[in-house]
Amino acid sequence: MASRDIHGIDAPWGAFRHVGRDLRKVDGLAKATGAAMYTDDIALPGMLHAKTLRSPHAHARIRSIDAADALRLAGVHAVITGEHLPVTYGILPWTQDETALAVGKVRFVGEPVAAVAAVDEDAANAALKLIRVEYEPLHAYLDPFESLARHDPPIHEGRKDGNVSKHVHLAFGDVDAALAEADVVIEDDYVFHGTTHAAIEPHCAVGHYGADGVLTVWSSTQITHYVHRALARVLDVPAHRIRVIQPCLGGAFGGKSDPFSLEFVVAKLAMTTGRPVKMLYTREEVFYTHRGRHPMHMRYRTGATREGRLVGVDATIVIDGGAYSSYGLVTTYYAGQLLTGPYAFATYRFDSTRAFTNKPPCGPKRGHGSVQPRFAFEVQLDELASTLEIDPIEIRRRNLLGEHTTTVNGQRITSNGFARCLDVVEHASNWKTRHGQLPFGRGMGVAGSMYISGTNYPIYPNPMPQAAVQLKIDRSGLVTVFTGANDIGQGSNSIAQYLVAEELGLALDQVRVVSADTDLCPVDLGAYSSRETFMVGNALIDACRKVRPLVVRAVADHWQVDPSRVRFVDGVVVELDDPPLQPAGVAVGGEARPGASPPDAAAGRRWMTAAEAFQLAEARFDTLGATGAYNTPTLGGDYRGGTIGAAPAYSFTAHVVEVSVDVETGRITCEKVWIAHDCGRALNPMLVAGQMEGSAYMGVAEALMEAHGVNRFGLHAGPSLLDYRIPTTVDTPELAALIVESLDPEGPYGAKEAGEGPLHPAIPAISNAVFDAVGIRLKHLPFTPGKVLAALRARKDAAAGTPAPALAGGAR
Amino acid sequence: MLRLPRFELRQPTSLGEAVTLLREEGAGAMVMAGGTDLLPNMKHELFTPRVVVSLGRVPELRGITRDPDGTLVVGAMARIAEIASSESVRKQAPALAQAAGLVAGPQLRRAGTIGGNVLLDTRCQYYNQSYFWRSALGFCLKKDGVVCHVVAGGSRCVAAASADCAPALMTLGAVLEIVGANGHRTVAIDEFWLGDGIVNRRLAVGEILVAIRIPPTPPGHRGAYGKLRERGSIDFPLLGVACRLDVGDGDRVEHGDLVLTALAARPKRIPQAASRLVSTRLGTEEFRAAIDELGALAHRQCHTLANVPGDQEWRREMIPVYVRRTLQAAAAGNGPVHHV
Ligand SMILES: Cc1cc2nc3c(=O)[nH]c(=O)nc-3n(C[C@H](O)[C@H](O)[C@H](O)COP(=O)(O)OP(=O)(O)OC[C@H]3O[C@@H](n4cnc5c(N)ncnc54)[C@H](O)[C@@H]3O)c2cc1C
Ligand code: SF4
């Protein structure tokens, strides 16, 4: 990492003007009023509409496809199949196992097989019904254990390890010895069922092939750059003749971070027909496209001393990957690599295997790969606490990892506010006087977590910057920021505005952000791994600090004062007293705006507008602009896979959840969640709180309601928002977002991530709260009322008859 | 978005015109009230009408009025939200007001009507799906296919009656007023149902439901509705329980009724409810024993099927709980029984 990648945590002009305030998002009003332009709002002259024919079989060979009748239908311009787009792709360079349309065989119900471009959607749909596909059905694998046990026929041909998508086995220290010596070992199985993102905007893409030979694709993607690369590969068009643009986006949560069939299809159809082509997925198609959270079957063994100090953790994980790799290689690593905080343990081993199955492919969902193990481990830790009769918060304190340290698997930890997160939720929830003391049926649970703030591992290995920005400084006083970052609702465009305004001393409306357009913006890797604020933020500061001295110098020379006496505040440049006032003591009023004379002017001090300053600088130094970049330092353990999960900083979270359990219906009601999250510095506390609340909401939903799966016929169990139940407002608990700021030495002004970490503890904290409420341990998600009733009955039977199996020493 | 197939929209402005139109168009036409069931089903290609006759402009079907004899006359086009908040319905037919208040979510309650609710198509997880999905499954008896996926080898469709208001109306002895090409007829709602999930009601092609007549209830009338569902809004019932208690002097029950829905093709009455409840006194051990017993009876008589998505065993287990809780709520003069 170059020194330019660390910028310190202090305000650039003494005191923060924008950072730390509850500011509006740049696109908030446009979204609220309906003015925002989403991909589906694009309508180009002569545009065609495309639809996808999908596989009705979970696993089958394609014998033949006959599209002659479809092509004859009035209004139909083109029909394409796998033979027109045979080149494989995949988000990771090592697992390029997808094609835009099935080639030779299909691997899940809903897989794209052919596509039609027609004058409108109705004509395209009618044409789909005329395409005849002959299939030879094959045995469908719906269970990952079956996939691992047999692979004839295999889901993917030509692999040496059958239906294994990825296997990772890593060990740190002698776990067996540690567990053998432990005073207590808890061993159990945990199941995560699988959930999906359910972003409100369905995937949409528009392709346009210009007379100049430039292919433009607008897409609801969160990874413009990788889509750009994949399009070049699959369409065999040089990347410099492809432009990818992400318009306003209606939610993603990881569900738009692969290249998808529709992006290639609209591009190909646009090139074939010479017309712009749009494809908008139906909600059902979004469920087939999926890439949601992997189902995982997890066995954990955790050993501790009598005092509750963790000595070893041993995990065996089987992951249901669905039909394709997607991010699965990373998921398989993350499932183990991301567990090694916020608690220290001296020995650790994990063995995780991702199996292919004939289901919609799984991928990254908010908290990629680590939400499932976190659930298992935090429930096990709670069981350890109750076995040892230690307060659950206390046992977590006894194992704190601490700051500026290294984890057992070699990850560098910088700032760490986890201890404070625990304090904050303990205090806010009145834990001490309430946990273990509420009436039967009501209870409280705690859980903690750690998550990456960006990853040092670019998806394709390369030495170039991971984030880059460009600034254009205009005579009008406007600064335009060009960033490849994808604003998916998390607010990366807003953060860019705040940071540039802060660095250059401008009013917010003097900064506009152009993002996620590969023709205009320098490369950024995209919105995943919670990297945007951290990496793009640093790149922005880098760029600002290159250009700012020029402007300051132009003004200083004009006034013939030392540059230290030139200060930018909210778009006004003022001359400071000589010697300068105390650094933070700029006396210019908060209302100062370009055009209005600041109070200091009356005092006889010189001032000018930022626009005037820019003009002076432009006259002196030529056209003003700057680029900025960020790259992570060299991170990670010195072993194969050691860099996966290595992040320049980690966020930390603790939740306390209060639940009530209706023991007659088995229904769990999540009453309140206290969320303490260490985000480094809250650049905009309102956005941070929004992410914390949204994360906790999502976690609670995954625990209690949402379930993504296929039925016994291999069909999606309910591909609609009626059957896939995301909570409504009345189902949402009270959420208290309690921000903890640890000020990370390498984050922009000390900031870290807030978008994914705060989800993790919600799920185990609910299970732990249910234990406090009614004495049952829920280990299989989702926590449905039926499971609660069964567990209550088992508990009653155990109490009445045979003694329950010993908690310690392996309950199973 | 799923596309709505092409159709011709007709908007008659009188009941007579609507009847004529329907007679002319025959089986190719379907009636639309709020459209909240019709339109999604058309998008799924479950219904494929050539002509849709909207009742939105027919004045005769609107409003809630009271006849001189105290009968509440609820126009078929009265909105679900209107019914939930109507003072007269809340007083005279509390179970109906409660059931209406729990239909779908707020937007759908404003669009949906009571007529459409009574005539709601039966529901099944293998039926209420897109054409593509159903084709991948190989279709089923109820539409386009020959087998049932709920009851293996079954020759009868058991799709679930899922209208929340229907069981409440049954406890109220409601009478349906229907017009068609052959004139006007009335039918007790109890007599209206068929035990066939494909078509579960006796409404001839071209007939229009005009109004629902709810006979006066005695001053001691109490009623409640209990609804089991996963979310606190939007979801169709996983189980619906409507009950009635007419209470006389000394808190003694003079009439009682209990009807469950979301089980099979038609709502199911527990026939022993009346005899078991009558002459018990609210608040006594005897009343508690009666409702416990009715819960157990209902559990024995009602079976849950995989027609409705979710955990069938849990739904069945909830039958006695919801029966008890709903009867308790009615006795206490409150309700509905709902988890939020
Ligand atoms: C997401 C969602 C959730 C829902 N949840 C529930 C729920 O929880 N509980 C529930 O009960 N319902 C629910 N519904 C179904 C529906 O919204 C209601 O049942 C509503 O009351 C139907 O009324 P409507 O006026 O919209 O009916 P429409 O859709 O207009 O009509 C329904 C049927 O009745 C026929 N019809 C309507 N009026 C007449 C008439 N006067 N004469 C002859 N035929 C007529 C139509 O031809 C059609 O077959 C839900 C619907 C959706 C989309
Ligand atoms: S019960 Fe369901 S699967 Fe069976 S025939 Fe009826 S709709 Fe089809």
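Side chains are part of it too, since the values below use all heavy atoms of this structure and drop only hydrogens, waters and symmetry mates. Proteins get letters first, then strands, A, B, ... in listed order; numbering begins at 1 in each.
Within a 6.0 Å sphere centred on CD of A:E734, other residues, nucleotides and ligands contribute 12 heavy atoms or fewer. Summarising the local packing, CZ of A:R793 is surrounded by more than 12 heavy atoms from other residues, nucleotides or ligands at distances under 6.0 Å.
Both the backbone and the side chain of A:T665 come within contact range of chain B, with heavy atoms under 4.5 Å apart. Heavy-atom distances place the backbone of A:S55, and not its side chain, under 4.5 Å from chain B. Neither the backbone nor the side chain of A:F287 comes within contact range of chain B; no heavy atoms are under 4.5 Å apart. Residue B:E313: no heavy atom, backbone or side chain, is found under 4.5 Å from chain A. Residue A:D40: no heavy atom, backbone or side chain, is found under 4.5 Å from chain B. For A:E284, the part lying under 4.5 angstrom from a heavy atom of chain B is the side chain only. Heavy-atom distances place the side chain of B:R325, and not its backbone, under 4.5 Å from chain A. Looking at A:R712, the atoms closer than 4.5 Å to chain B (heavy atoms on both sides) all sit in the side chain, from C-beta outward. Looking at A:A717, only its backbone comes within 4.5 Å of chain B, counting heavy atoms on both sides. Interface remark: A:P785 contributes backbone and side-chain atoms alike to the contact with chain B (heavy atom separation under 4.5 Å). Heavy atoms closer than 4.5 Å to chain A are found nowhere in B:R316, neither backbone nor side chain.
Within the 4.5 Å cutoff, the side chain of A:D723 has no heavy atoms near those of the B:Q125 side chain. Side-chain contact check for A:L128 versus B:F132: every heavy-atom pair is 4.5 Å or farther apart. Side-chain contact check for A:P719 versus B:Q129: some heavy-atom pair is nearer than 4.5 Å.
A:L722 approaches B:D235 most closely through the heavy-atom pair O-OD1, 4.0 Å.
A side-chain donor-acceptor contact under 3.5 Å links B:W133 to the backbone of A:H716.
A salt bridge links B:R3 and A:D122; the closest N-O separation between the charged side-chain nitrogens and carboxylate oxygens is under 4.0 Å.
Interface check for chain A: of the options B:M1, B:H339, B:M318, the most heavy-atom pairs under 4.5 Å are formed by B:H339. When each of B:D311, B:N128, B:V340, B:L137 is scored by its heavy-atom pairs under 4.5 Å with chain A, the top score falls to B:L137. With respect to chain B, the highest number of heavy-atom pairs below 4.5 Å among A:V109, A:L280, A:L789 belongs to A:L789. Top candidate by heavy-atom pairs under 4.5 Å with chain B, chosen from A:L704, A:T784, A:T669, A:T282, is A:T282. Note on A:L715, A:V730, A:T728: by heavy-atom pairs under 4.5 Å with chain B, the leading option is A:L715.
Interatomic distance, CZ of A:R725 versus CZ of B:R231, reported as 6.0 Å (0.5 Å rounding). Here B:S130 contributes atom OG and A:R283 contributes atom CZ; the two are 14.0 Å apart, rounded to the nearest 0.5 Å.
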field: A:R667 vs B:W314, side chain to side chain contact (heavy atoms under 4.5 Å, CB included): CA-CA, chis, key distance, verdict
entry: CA-CA 11 Å; A:R667 199 189 285 272; B:W314 177 62; 4.0 Å; yes

